[in-house]
Amino acid sequence: MANRPLPTLAKAALALACAATAGSFSQPALAGEASPVRWNTGAAVWTTSPEALNTFVSSGEITDRGLEGGLNRSGWTSQQVRQGLAKPYAVDLIPLSRFLYSEAGERFLEEQTRSYVPYATLKAQAAVALRAAIIADAADGEISGAGILGALPVDFRLADISSQAPLDGSQNVWPQSGCQGSRQCSSWLSWAVFLPANLQAISQSGS
């Protein structure tokens with residue numbers, strides 16, 4: 001291919017689009033400042049901070065009770081989750097971004113935010129916010145579960161509200177062949193561990 005500058009220009013355009021998308025939220029937060037998860041069960045809400053998640057990924061130390069509870073409900077050992085969140089996956093930003101902005105990509109993002117949604121707006125901006133985080137993390141050609149969570153533009157919650165189905169606290173984990181039992185195949189941490197591999201496969205297939 002003779003036109004080498006094109007990918008760079010495309011990446012710059014996508015970065016600007018991502019910044020514009022993040023700026024469209026009513027209460028924007030700087031990258032790395034948004035809470036990756038607020039555990040919402042009925043009237044009880046517990047926020048896991050970016051610092052607590054980063055500490056766990058970098059050292060394995062669990063300093064947050066919400067994260068500890070999530071690990072216990074994940075179906076995996078804490079070490080497996082830690083390694084899974086930190087694992088980098090190479091991706092091609094251009095086909096990945098093209099997919100995420102397509103109709104199929106919109107459906108994918110809706111499925112990936114089954115119960116994981118912005119704290120303030122719930123499903124209304126869930127797909128937009130997750131897409132912004134994925135593209136921001138993929139800008140250097142690599143993504144990870146921890147990187148995507150760290151790039152979220154707004155606080156997210158894991159909603160467990162039976163009266164607002166399908167927000168039941170379960171997430172769609174891919175691939176189902178890679179998990180065993182209801183916890184591994186539906187927990188938020190399991191979803192976060194598997195999501196980058198899913199996105200890598202999408203970027204490589206170009207679909």
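Computed from heavy atoms alone, side chains included, the values below leave out hydrogens, waters and symmetry copies. None of these values were measured; they are calculated from a predicted model.
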Taking Trp39 as the fixed residue, which of Phe156, Tyr119, Trp188, Tyr116 is the one that meets the ring-ring contact (aromatic ring centres under 6.0 Å, His included) rule?
Trp188
Minimum-distance pair of heavy atoms, taken over all atoms of [X] and [Y]:
X: Ser144; Y: Ala86; result: CB-O, 4.1 Å
X: Ser203; Y: Leu96; result: CB-CB, 3.9 Å
X: Arg183; Y: Ser190; result: O-CB, 4.5 Å
X: Leu100; Y: Ile134; result: CD1-CG2, 3.7 Å
X: Ile148; Y: Ala133; result: O-CB, 3.5 Å
X: Gly178; Y: Trp76; result: O-CH2, 3.7 Å

Verdict with reasoning, Ile135 to Tyr101, per side chain to side chain contact (heavy atoms under 4.5 Å, CB included)
CA-CA 11 Å; Ile135 291 175; Tyr101 277 97; 3.5 Å; yes
With side chains defined as the heavy atoms from C-beta onward, is the minimum distance between [X] and [Y] less than 4.5 Å?
X: Leu199; Y: Phe99; value: no
X: Arg157; Y: Val117; value: yes
X: Pro50; Y: Pro36; value: yes
X: Glu61; Y: Phe56; value: no

Output the distance between atom [atom1] ([X]) and atom [atom2] ([Y]), rounded to the nearest 0.5 Å.
X: Gln171; Y: Thr113; atom1: CD; atom2: OG1; value: 7.0 Å
X: Thr48; Y: Arg38; atom1: OG1; atom2: CZ; value: 10.5 Å
X: Leu85; Y: Leu195; atom1: CG; atom2: CG; value: 11.0 Å
X: Ser115; Y: Asp168; atom1: OG; atom2: CG; value: 4.5 Å
X: Asn72; Y: Ser187; atom1: CG; atom2: OG; value: 11.5 Å
X: Leu189; Y: Ser74; atom1: CG; atom2: OG; value: 5.5 Å

Same cluster or not: are Trp174 and Ile143 linked, directly or through other Ile, Leu, Val, Met, Phe, Trp or Tyr residues, by side-chain heavy atoms under 4.5 angstrom apart?
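No, separate clusters.
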Any donor-acceptor pair under 3.5 Å from [X] side chain to [Y] backbone:
X: Lys87; Y: Ala197; result: no
X: Arg114; Y: Asn172; result: no
X: Glu142; Y: Tyr89; result: no
X: Thr121; Y: Pro118; result: no
X: Arg82; Y: Ser58; result: yes

Between Val173 and Gln184, is the side chain to side chain contact (heavy atoms under 4.5 Å, CB included) condition met? List the steps.
CA-CA 8 Å; Val173 176; Gln184 287 187 4; over 6 Å; no
Heavy atoms of other groups near Gln79 CD, more than 12 under 6.0 Å:
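Yes - once you tally the heavy atoms of other residues, nucleotides and ligands closer than 6.0 Å, there are more than 12.
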